[in-house]
Amino acid sequence: MSLHRITLKNGADLHGFRKAVRWLIAEELAPQHVMFAVDDAPGLFGDEALADAPPVSIPKGVSRLIEQVVCHTDPERYALLYSLVWRVLNGERDLLEIASDPLVHRIDLMARSVRRDLHKMHAFVRFRRMGGEALERFAAWFEPEHFILEAAAPFFVDRFRSMDWTILTPIGTARWDRTALTFGPPAQREDAPGEDSFEEGWRGYYESVFNPARVNPTAMRAEMPKKYWRNMPETAVIPGLIQTAAKRVERMIEQEATMPAKRTPERAIQAMWDQEPKTLEQLNAIIAKAGPLVPGATQAVFGEGPHHAEIVFVGEQPGDQEDLQGRPFVGPAGKLLTKAMQEAGIDRSQAYLTNAVKHFKFEQRGHRRIHAKPTAGEVKHYRPWLMKELELVRPKLVVALGATAVLALSGKATPITRSRGRATFGPYQGYVTVHPSYLLRLPDEGTKREAYEAFLNDLRRIHDLAQADLETGELPLAAE
Ligand code: URA
């Protein structure tokens, strides 16, 4: 049998690859009879020939891997993915579960590399103001390792929706003009603007959140490889901060004896607050500057998720893992919540997760830091920030996880047994359910299973309510 040549676009040609797979499967062409090539202007493979090919049903996990791995720069990516699809459809449906299989292993490594690249791009793109423009416009230069521009761009639309921006890369450009996202040809570093007045802001922000007691240059370089540094204004201050870290720690220890808490004076925080934060970044800068009410937390843990998410989940306060990683719901309760959300059809990456209290409070017992419940006074202290956060995200539905979240959102202490179900929190439609850590604490398996089922039912209702909003364009939630 002759070799069939399939030419796909150079880059992440997901559409072309899917079409090709449908056609190849319909023609029953095994991978050894297919050769994939990439070209900037493919034309060898007519759309007509592919149009009639019926859809192919493949497991979700394989489909997700394809979306990621087509972004890899490895020229063999399409051939490897087609081999995977072929085997999955020919008797090896659970192939992905065999991690030791060389093909699965290689594809998994490729997917990880793409995800890491996406993460780096999300974290390290820095916009600069473009000079000489009548309207305010911003641009950023970034050099991704893989073809991730199209996959990464929606994140920036979400985060910088009200800005007119362009991301320039050697593999293409992404432009958001406040209404539409478009993609253009590759660019060069010289096309991006240089220093601007934003730089000082970034440096100042980095200095204010930098914790000298946790300096680990090797870990810093692993997380923020040097090749990204030249595009990031705040990196200019890193060598200085590292050099002076030991001295600053000494000073912190000396000051600790005389200062009740490492907090910026109330007046300075109030001055920032009076300027009314317009973005989550500005709000988070205030929370970071204010520091913990009760000393001990490593850092403030901010809300996380799309900045205009439909659903906001409010927990109590960060736990041990959240405190160390600086992200909400990443510890055991967070893992359980993520699993339940998934089972109820809620995509965690599309929701916004936050906490009533932004710092971890704990009791030290030996090496362990045991969670300590925040007092009503502490919840009240953080409440204006939580309310501002909701105002900036403007969700359709606010979910209170547990009694502390209910207290923070409603201002009233109400047991969950009385408030569970639909609710109203000021201008927001809401829903009250238990906190996932409550499920973890239940003593026996039977009760645990029952409580988990009830929690799942709540999440399914939450999912349906948010869906109903989407479809009708209105909030169908009336008081029960
Ligand atoms: N519990 C919470 O309420 N929030 C977290 O982020 C983690 C555990």
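We use all heavy atoms of the structure for the numbers below, so side chains are in, but hydrogens, waters and symmetry mates are not. Counting starts at 1 for both ligands and their atoms, in listed order.
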- Message: Met110 vs Arg77, test: side chain to side chain contact (heavy atoms under 4.5 Å, CB included). Steps then yes/no.
- Response: CA-CA 9 Å; Met110 290 166 80; Arg77 63 192 177 283; 3.8 Å; yes
Measuring centre to centre across the rings, with the benzene-like ring taken for any Trp, is Phe127 within less than 6.0 Å of Trp165?
yes
Query - Cationic N near anionic O, under 4.0 Å, Lys358 to Glu389 - result: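 Salt bridge present between Lys358 and Glu389.
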Item checked: Pair Asp464 + Arg460, salt bridge at N-O below 4.0 Å -> no
Sequence neighbours excluded, the answer for ring pair (Phe, Tyr, Trp, His ring centres under 6.0 Å) partners of Phe156 is His122
Between Ala174 and Leu181, the two heavy atoms sitting closest are CB-CD1, 4.5 Å
Give a table of atom pairs where an N or O of ligand 1 lies under 3.5 Å from a protein N or O.
| unit_1 | atom_1 | unit_2 | atom_2 | d |
| --- | --- | --- | --- | --- |
| ligand 1 | 1 (N) | Gln317 | O | 3.4 |
| ligand 1 | 1 (N) | His435 | NE2 | 3.3 |
| ligand 1 | 3 (O) | Glu316 | N | 2.7 |
| ligand 1 | 3 (O) | Gln317 | N | 3.4 |
| ligand 1 | 3 (O) | Gln317 | O | 3.4 |
| ligand 1 | 3 (O) | Asn355 | OD1 | 3.1 |
| ligand 1 | 3 (O) | His435 | NE2 | 2.7 |
| ligand 1 | 4 (N) | Gln317 | O | 3.1 |
| ligand 1 | 4 (N) | Asn355 | OD1 | 2.6 |
| ligand 1 | 6 (O) | Phe329 | N | 2.9 |
| ligand 1 | 6 (O) | Asn355 | ND2 | 3.1 |

